[in-house]
Amino acid sequence: MAAHVERTRRFRATVLNLPNQLTTLRLILAAILFGLIAWEFYLWALVVFVVAASTDWLDGYYARKFGQVTTLGRILDPFADKVIICGTFVFLLAAPEMMATPYGLRAWMVVVIVGRELLVTALRSFLEERGSDFSAKRSGKWKMLLQCVAGGASLYYLSYPVPRLNAPAWALWSTIGTIWAAVLLTVYSGVVYVYAAARLLRTR
């Protein structure tokens, strides 16, 4: 009986703790978000996107403050981040009004965003298997923040009926500006991680 109780306690501490529950919630919200974008409920999609992005900060803060960082959390948290960011931009790309927006989101931009995530994930897996510390860099955190801002701005812009005609100019230029800034920072962040990986490989 005591062994069963101990196993249950460990399971809750390592799997069912609050940070991991928040990360799981973010994955559920991502599925809801994608459905809302596909059905063109952009304003509701924006609300869900903001809530989902907020849980990313909250689960990390709670895990560090209360010492609930787990192996599962270290795997699940970045996975959830990639799903919601990459998935949002893929679904935004399918929105006809986004493609019709001058200098707006384009397929090559989404390829850059997704490709950078795949590259960094592969580098982290390769290096950490060999005992190297390949922790998140500051540029990666800023990249994530700017991508969230770009995704939110895009959803707000699309919430207007025929946004090219009805959206205010500030919403249009905020969308264009944050998308391009996010793509440029994504590229810069990728270069930073590649350089860091090269340095680790040279010192081994």
Side-chain angles (χ1 to χ4, degrees), residues 19-61 76-118 120-121 139-190:
N20 289 348
Q21 290 180 35
L22 288 170
T23 303
T24 303
L25 174 62
R26 190 155 73 254
L27 287 170
I28 295 171
L29 290 174
I32 296 171
L33 168 66
F34 301 155
L36 290 171
I37 297 175
W39 295 326
E40 300 183 3
F41 295 127
Y42 296 117
L43 202 54
W44 281 108
L46 174 60
V47 172
V48 174
F49 183 79
V50 170
V51 172
S54 299
T55 65
D56 177 39
W57 174 83
L58 187 60
D59 65 8
Y61 168 79
L76 199 59
D77 183 63
F79 172 72
D81 292 344
K82 290 169 177 53
V83 167
I84 198 165
I85 289 298
C86 295
T88 296
F89 282 108
V90 168
F91 274 86
L92 285 173
L93 186 64
E97 283 297 327
M98 181 57 69
M99 290 296 294
T101 301
Y103 307 107
L105 188 67
R106 296 296 182 265
W108 68 265
M109 296 177 172
V110 178
V111 171
V112 167
I113 291 170
V114 175
R116 182 267 181 204
E117 301 302 334
L118 293 174
V120 172
T121 298
S139 63
K141 297 177 180 178
W142 281 108
K143 177 269 308 177
M144 176 67 177
L145 175 62
L146 199 49
Q147 286 175 344
C148 287
V149 173
S154 299
L155 290 169
Y156 180 77
Y157 170 73
L158 290 172
S159 69
Y160 286 87
V162 192
R164 285 171 296 159
L165 302 178
N166 298 308
W170 66 264
L172 169 63
W173 290 111
S174 295
T175 300
I176 294 172
T178 54
I179 286 174
W180 279 89
V183 171
L184 291 174
L185 190 53
T186 296
V187 173
Y188 171 75
S189 171

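Everything quoted here is computed from the prediction, not taken from an experiment.
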Side chains of residues 29-38: which donor-acceptor pairs under 3.5 Å do they make with residues two or more places apart or in other chains?
none

Open item on the list: Counting only heavy atoms not in Trp39 (residues, nucleotides, ligands), do more than 12 fall under 6.0 Å from its CH2?
Closed with: no
Task: For Tyr188 against Ser139, the heavy-atom pair lying closest together - done: CE2-CB, 4.0 Å
Open item on the list: Is there a side-chain contact between Lys82 and Leu118 in this structure, where contact means two heavy atoms from C-beta onward sitting under 4.5 Å apart?
Closed with: no
TODO: State which residues pass side-chain contact (heavy atoms from CB on, under 4.5 Å) with Leu27; sequence neighbours excluded, sorted by chain then number.
DONE: Leu76, Phe79, Ala80, Val83
TODO: Please identify each residue that fulfils side-chain hydrogen bond (donor to acceptor under 3.5 Å, both in side chains) with Thr88, with sequence neighbours left out.
DONE: none
Open item on the list: Applying side-chain contact (heavy atoms from CB on, under 4.5 Å), can you list everything that pairs with Val50, at least two apart in sequence or on another chain?
Closed with: Leu46, Ser54
Open item on the list: Show every salt bridge (Lys or Arg N to Asp or Glu O under 4.0 Å) that has at least one partner inside residues 142-157, sequence neighbours left out.
Closed with: Glu117-Lys143
TODO: To the nearest 0.5 Å, tell me how far Thr55 OG1 sits from Ile84 CD1.
DONE: 7.0 Å
Task: Nearest-0.5 Å distance, CH2 of residue Trp142 to OG1 of residue Thr186 - done: 14.5 Å
TODO: With rounding to the nearest 0.5 Å, note down the distance linking CG in Asp81 to CE in Met144.
DONE: 4.0 Å
Task: With sequence neighbours excluded, residues passing side-chain hydrogen bond (donor to acceptor under 3.5 Å, both in side chains) with Tyr42 - done: none
Open item on the list: Checking Thr178 now: which residues fulfil side-chain hydrogen bond (donor to acceptor under 3.5 Å, both in side chains) with it, not counting sequence neighbours?
Closed with: none
Task: Leu146 CG to Ile179 CD1 distance, which is reported to the nearest 0.5 Å - done: 10.5 Å
Using residues 150-162 as the side-chain source, report each donor-acceptor pair under 3.5 Å to any protein atom, sequence neighbours left out, with the distance given to one decimal.
| from | atom 1 | to | atom 2 | distance (Å) |
| --- | --- | --- | --- | --- |
| Ser154 | OG | Ala150 | O | 2.8 |
| Tyr156 | OH | Tyr160 | OH | 2.9 |
| Tyr157 | OH | Thr101 | OG1 | 3.3 |
| Ser159 | OG | Tyr156 | O | 2.5 |

Name each donor-acceptor pair under 3.5 Å that joins a side chain in residues 89-100 to protein atoms two or more places apart or in another chain, with its distance.
| from | atom 1 | to | atom 2 | distance (Å) |
| --- | --- | --- | --- | --- |
| Glu97 | OE1 | Arg164 | NE | 3.0 |
| Glu97 | OE2 | Arg164 | NH2 | 3.3 |

Task: Residue pairs involving residues 35-50 (criterion salt bridge (Lys or Arg N to Asp or Glu O under 4.0 Å); sequence neighbours excluded) - done: none
TODO: Go through the structure and list residues passing side-chain hydrogen bond (donor to acceptor under 3.5 Å, both in side chains) with Ser189, not counting sequence neighbours.
DONE: Arg116
TODO: For residues 27-38, pull every pair meeting salt bridge (Lys or Arg N to Asp or Glu O under 4.0 Å), keeping only residues two or more places apart or in separate chains.
DONE: none
